[in-house]
Structure formats: structure tokens, C-alpha cells
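Notes follow the structure.
Bear in mind that the values here come from a model prediction, so they are computed numbers and not experimental data. In what follows, chains carry the letters A, B, and so on, assigned in the order in which the sequence lines appear, proteins first and then strands, with residues in each chain numbered from 1. These values consider heavy atoms only, across backbone and side chains, with no hydrogens, waters or symmetry-generated copies.
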2 protein chains.
Amino acid sequence: MHSPKRLLFLDFVLSVFRLNGLLISEGDAMTEKLGLTSARWKVIGAIALSSKGLTVPGIARVLGQSRQAVQRITDVMVSDNLLFYQVNPRHKRSVIVTLTDAGTEIYNLLREVQDPWALGTTEDIPIEELESALRLVRRLIQKFDK
Amino acid sequence: MHSPKRLLFLDFVLSVFRLNGLLISEGDAMTEKLGLTSARWKVIGAIALSSKGLTVPGIARVLGQSRQAVQRITDVMVSDNLLFYQVNPRHKRSVIVTLTDAGTEIYNLLREVQDPWALGTTEDIPIEELESALRLVRRLIQKFDK
DNA sequence: CCGATAATGTCAGCATGTTGTCATTGTTGT
DNA sequence: ACAACAATGACAACATGCTGACATTATCGG
């Protein structure tokens, strides 16, 4: 038998690989004028979206990456004065990564590019399709994230 | 206004990043016993799926990657005797990347792991949802792939 | 309270992707 | 045919991710 489902899924997997690469390119293009890169975009986004302070391993958990990879990025962003490490009252060694004023400003500028991009990209896509696809992606993430 | 669509899409984007990482991990785990990695998995899959012979830049186009990245992988796979470079009658310098017998054998072994993985992962997902999500991903790829 | 376990920071090595550059080879339009 | 342009191979520099290893610090169970 041919199992169209198997082929469909493999096609989906390859397409996710490809979309991932294209999204990184989009992120790089969007953030270029702000002196960011897609990796820094991810980190700054994770921090800005979290209500409570995040530690480096915390950001890594949100992004699904290794803490070492995140640490490398945040170290550079601290020396670029976009972030600073704030004393964590709940943990002596694990500091809280916080946006500096400059970092907040960059994030606001970022949103001025990012928001129109998000809206423009999805303007001809029904919200139901987006929700449905997100549910599927989340379901797969849950399956693999153990 | 809050524009739930914008937030929905950004959530989708972050989820794609995360799924991408998890799929690479899955690929690494699946191919480990075969002496492959996810990068080689992609290349060997692209070659096996193409009816005509593919050149290195051709594989790169299929995968949506730079030809240099693919070249590096294929060079290693040639020295590992999984691939060989075949004279291309249509181009004096650009050789055709071909599976050796050993490479074909690995690919067959790979399928014995990959097919159950694909079926198992999707067994509780309706085929319509998969198709719908793939359509959306393809649509985004088309939008960004210029 | 104390020992075992988990979490964190740090450093190192490596895999995989990017871009840039340059010489060479193909292709195409006039 | 020839000149302009595109595609390819090769090499280099770099960004971003991974894992492993080790010391230190927190947390938890007895």
C-alpha cells in the first residue's frame, strides 16, 4: 500500500524545515536595520512577552533551545547594552535577564516592523486556518517534547 | 485594538521554530544507528525522492538551503561511500550526486525506521488536518520564497 | 539537618547553516 | 560568434545551534 498519510507527513516535515529557514531570513531582514539578528529577535521577544523575569535557562525552555546557546546570545546582548543581568532574589547565581532602556526602545522599533509584517503576511489567510495549523503544530510539539 | 491575528501568527512562528528543532532531534535519533545525522537524512531523502539526477545546487534548491551547505554534506557523504559524483552529460563541471549501493542500502534501512515513525506520529491526526496545515505552510513558503 | 539530586554557569569542541569572494564554465541575446 | 550574464565550485569567515564535562549552588527527601 502507498499510505498517502505517510507521504503527506514527510512532505509536511520537509516543508517545516523550509519554512523555518525562510522565517529566519525574514527575521534577519526585519531586524537588520535595528542591529539585531533573528537569534536576538527570538531572545528579545521571549523576554518582552514574559510577565515575570526570565533567567537564561528560562528563556531556553521557552524557546526550546539549550541554555548554552541562549547564554551566548544574551552575553553579547549585555555587552551591547540591550540587556542586563539583574540580581535574582530567588536564586543566588541565576540572574534575571532584563531589557535595558535601549533594549526596550529597540523592541518598540522592532514592533513597528514586525506588526505590519505579521498582519501583511496573514491578510489573505482566514484566522480559522491559522488556528487549526497552530493546533496541529502544538500537538506535534507535545508529542516530541519529552 | 489587540489584533489576535497578529499574536496568533507570532505564536505560530515561534511554534514553527520549536517544531523545527524537535524534528531535527527526531531525525538525529532515528538515523543515529545508521551512522547518519539529520543533515544527511535530508540530503539522502532529496536524492532518493528525485526521479532525475540532482546536482549539488539542485539539492540545495529542493531543500531551500545554500549550495555551499549542501556541498559540505555531500563531500563528507562521498568520502563515507554513501554517494558518488557522476559525470553530468549536460554540464561539464556540475556533477550529478548519486547514491552508491551502500547509500541505497542505508536509505532502505532508513525507511524501515522512518515509515513507522511517520505513521505512529500521525495515527491520531485526521488526514484532513494534515492536508490543511500543509497547505498553509506551503502558502507561507510561497510568500517568502522570492 | 544532611546527603543525594537537580539546576546553573562556564568552557570546549563540533555540526550545520549563512554570506562573501573569486575563478571558471555555461547560457543567452544580439 | 561574441559579449554579457548566470551558474557552479572552492575557499574563508562567521553565526547559531548542539553535546559533554566540570564545579558550584539550590532544593528536596529521609
Query - A/Thr55 vs A/Gln68, nearer the 5' end of DNA chain C by closest nucleotide - result: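 Per heavy-atom nearest nucleotide, the more 5' residue is A/Thr55.
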
Report task. Return the 5'-most residue of the pair A/Ser25, A/Val56 with respect to DNA chain C, ranking by each residue's nearest nucleotide. Result ->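 Looking at DNA chain C, the more 5' nearest nucleotide goes with A/Val56.
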
Query - Salt bridge flag under 4.0 Å for residues A/Arg139 and B/Glu129 - result: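 Salt bridge flag = yes for B/Glu129 with A/Arg139.
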
For [N], does either OP1 or OP2 sit under 4.0 Å from a side-chain N or O belonging to [X]?
{"X": "A/Ser94", "N": "C/dG9", "answer": "yes"}
{"X": "A/Arg67", "N": "D/dT19", "answer": "no"}
{"X": "B/Ser38", "N": "C/dT16", "answer": "no"}
{"X": "B/Lys42", "N": "C/dA15", "answer": "no"}
{"X": "B/Ser66", "N": "C/dT18", "answer": "yes"}

I'd like to know if the side chain of [X] reaches the main chain of [Y], judged simply by a donor and an acceptor atom lying under 3.5 Å from each other, with no hydrogens or angles considered.
{"X": "B/Thr100", "Y": "B/Leu82", "answer": "yes"}
{"X": "B/Lys5", "Y": "A/Ile127", "answer": "no"}
{"X": "A/Thr31", "Y": "A/Leu34", "answer": "no"}

[X] [atom1] to [N] [atom2]: how many Å, rounded?
{"X": "A/Gln71", "N": "D/dC22", "atom1": "CD", "atom2": "P", "value": "20 Å"}
{"X": "A/Ile24", "N": "C/dG17", "atom1": "CD1", "atom2": "P", "value": "11 Å"}
{"X": "A/Ile59", "N": "C/dT8", "atom1": "CD1", "atom2": "P", "value": "12 Å"}
{"X": "B/Phe17", "N": "D/dT16", "atom1": "CZ", "atom2": "P", "value": "12 Å"}
{"X": "B/Ile73", "N": "C/dA15", "atom1": "CD1", "atom2": "C1'", "value": "8 Å"}
{"X": "A/Leu54", "N": "C/dT8", "atom1": "CG", "atom2": "P", "value": "12 Å"}
{"X": "B/Gln65", "N": "C/dT18", "atom1": "CD", "atom2": "C1'", "value": "10 Å"}
{"X": "B/Tyr85", "N": "D/dG9", "atom1": "OH", "atom2": "P", "value": "9 Å"}

Out of [options], which has the shortest distance to the side chain of [X]?
{"X": "A/Arg40", "options": "D/dT16, C/dG9, D/dA10", "result": "D/dT16"}
{"X": "B/Arg72", "options": "C/dG9, C/dT18, C/dG20", "result": "C/dT18"}
{"X": "A/Arg61", "options": "D/dG17, D/dA10, C/dT8", "result": "C/dT8"}

Query raised in the report: Take atom CG in B/Asn108; do more than 12 heavy atoms of anything else shown fall under 6.0 Å from it?
Result: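 It does: B/Asn108 CG has more than 12 such atoms within range.
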
Requested in this report: For A/Val95, report the nucleic acid contact type (base, sugar-phosphate, nothing); a contact means any heavy atom under 4.0 Å.
Outcome: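 Sugar-phosphate contact only - A/Val95 comes under 4.0 Å of backbone atoms but never of a base.
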
Query raised in the report: Base, sugar-phosphate, or nothing: which does B/Ala69 touch, judged by heavy atoms less than 4.0 Å apart?
Result: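 The answer is base, as B/Ala69 lies within the cut-off (heavy atoms under 4.0 Å) of a base atom.
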
